[in-house]
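Each chain gets a letter, A, B and so on, in the order the sequences are listed, and its residues count up from 1. This structure is a prediction, so every number in the text was calculated from the model and none was measured.
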Number of protein chains: 2
Amino acid sequence: MKLTSKGRYAVMALADLARFDNLNPVSLRDISLRQGISLDYLEQIFSKLRKKEIVQSVRGTQGGYILSKKAKDIKLTNIFDAVDEKVKTVQCKKESKKGCNGKSTKCITHNLWDELENHINHFFEEKNLEDLIKENTERRI
Amino acid sequence: MKLTSKGRYAVMALADLARFDNLNPVSLRDISLRQGISLDYLEQIFSKLRKKEIVQSVRGTQGGYILSKKAKDIKLTNIFDAVDEKVKTVQCKKESKKGCNGKSTKCITHNLWDELENHINHFFEEKNLEDLIKENTERRI
DNA sequence: TATAAACCCGACTAAAATAGTCAAGTATCA
DNA sequence: TGATACTTGACTATTTTAGTCGGGTTTATA
């Protein structure tokens, strides 16, 4: 079980953005340099973030991105959702009305994975961007 | 972020085993049929479980596997460990003494992933095989 | 008004991981 | 001695990931 780069990068980039967007839009080029993430890849990620209205774009020279809402109102859940970073534990759910193994009952461990998903999602639900940058600036090395 | 089949299968198979191993060893063939998991793949998984002393093998006809300890004493952590299903969130840790981005500091989100790992591992630490089959037989559909 | 900085978009691709399969054993019971 | 079941290691197809690439369009500013 691992987190993908897309999700990690999205959070890193937004945390960076949240720190620097006080007045002017922040360009992906700057984020790319500061965070060490490929510019092309960042564009893909921000395209998704924009569609889910987490950021707004400003085109043209001196353009870039700004947060659509306050950092406090952007939960990690929202971010992961936007970039399709989902917590997937069971295959079971896919198969329409049947149970997990093609049988008519839930598989032995079905409830376990459900609980796990909830457990993880709860973590993401409780954290927002503001928490993130606060914690970080306080505990900087 | 997703759980791999290896981890899911290991837990499913052990839950199955825990239910049926009262007296005799349980063959992988039976588990394969009941749980719908490829026999060859199960063999790989049980090889690992045996090396970590979670199960014991009984060779020959009427052979199979039995649990090495009581279901109650097998935590999910142990199972995941055995089959190399780890919770990986950060790349950061790999690079020896440097920080995350090749810089000398931790990346903005480093602490977040640490917390997440702990959060998930805590879940696995608290659950054991016995919990699993109890819950399940109680709530069977 | 030309130019450069930036966003925008879709197609493509290399590498890694996953989820197996396959083949050739060895041990044990009946 | 045959059948059942574990043991081991190598091989492989598929899928996912993590990008790259090549073309745009928009807009501030010199």
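Distance B:L49 CG to D:dT7 C1': 14 Å, rounded to the nearest Å. One can place CG of B:N24 at 13 Å from P of C:dC29, the figure rounded to the nearest angstrom. The CG atom of A:D40 sits 16 Å away from the P atom of C:dC12 (whole-angstrom rounding). Rounded to whole angstrom, the span from the CZ atom of B:F46 across to the C1' atom of D:dG9 amounts to 19 Å. Nucleotide D:dT7 holds its P atom 15 Å from the NZ atom of B:K48, rounded to whole Å. Straight-line distance from the CG atom of A:L39 to the C1' atom of C:dC8: 12 Å, rounded to whole Å. As a whole-Å value, the separation of B:Y9 OH from C:dT18 P is 14 Å. Rounded to an integer number of Å, the gap from A:L42 CG to C:dA6 P is 14 Å.
When side chains are defined from C-beta on, A:Q44 counts as touching A:K6, because their heavy atoms get closer than 4.5 Å. With a 4.5 Å cut-off on side-chain heavy atoms, A:F124 and A:K75 do not count as touching. Taking the side chain as every heavy atom from C-beta outward, B:F20 and B:D30 never approach each other to under 4.5 Å.
For A:Y41 and D:dC21, the shortest distance from a side-chain N or O to OP1 or OP2 is not below 4.0 Å. Proximity of A:R50 to the phosphate of C:dC8: a side-chain N or O atom is located under 4.0 Å from OP1 or OP2. A close approach under 4.0 Å does occur between a side-chain nitrogen or oxygen of B:S57 and OP1 or OP2 of D:dT7. For C:dC7, the OP1/OP2 oxygens have no side-chain nitrogen or oxygen of A:S27 closer than 4.0 Å.
Residue order along DNA chain C, read from the 5' end via each residue's closest nucleotide, puts B:E85 first among B:E43 and B:E85. Comparing A:T61 and B:S38 by the nucleotide of DNA chain C whose heavy atom lies nearest to each, the residue mapping closer to the 5' end is A:T61. Each of A:G60 and B:V26 was matched to the nucleotide of DNA chain D holding its nearest heavy atom; the match closer to the 5' end belongs to B:V26.
Each of C:dA11, C:dA17, D:dT7 was ranked by its minimum atom distance to the side chain of A:K2; first place goes to C:dA17. Closest contact between the side chain of B:Y65 and the listed nucleotides D:dC6, C:dT18, D:dA28 involves D:dC6.
A tilted orientation is assigned to the rings of B:Y65 and B:F46, their planes being inclined by 30° to 60°.
B:R59 contributes no side-chain N or O that forms a donor-acceptor pair with the base of D:dT7 under 3.5 Å.
In summary, B:K52 and B:D81 do not engage in a salt bridge, as defined by a charged side-chain N under 4.0 Å from a carboxylate O.
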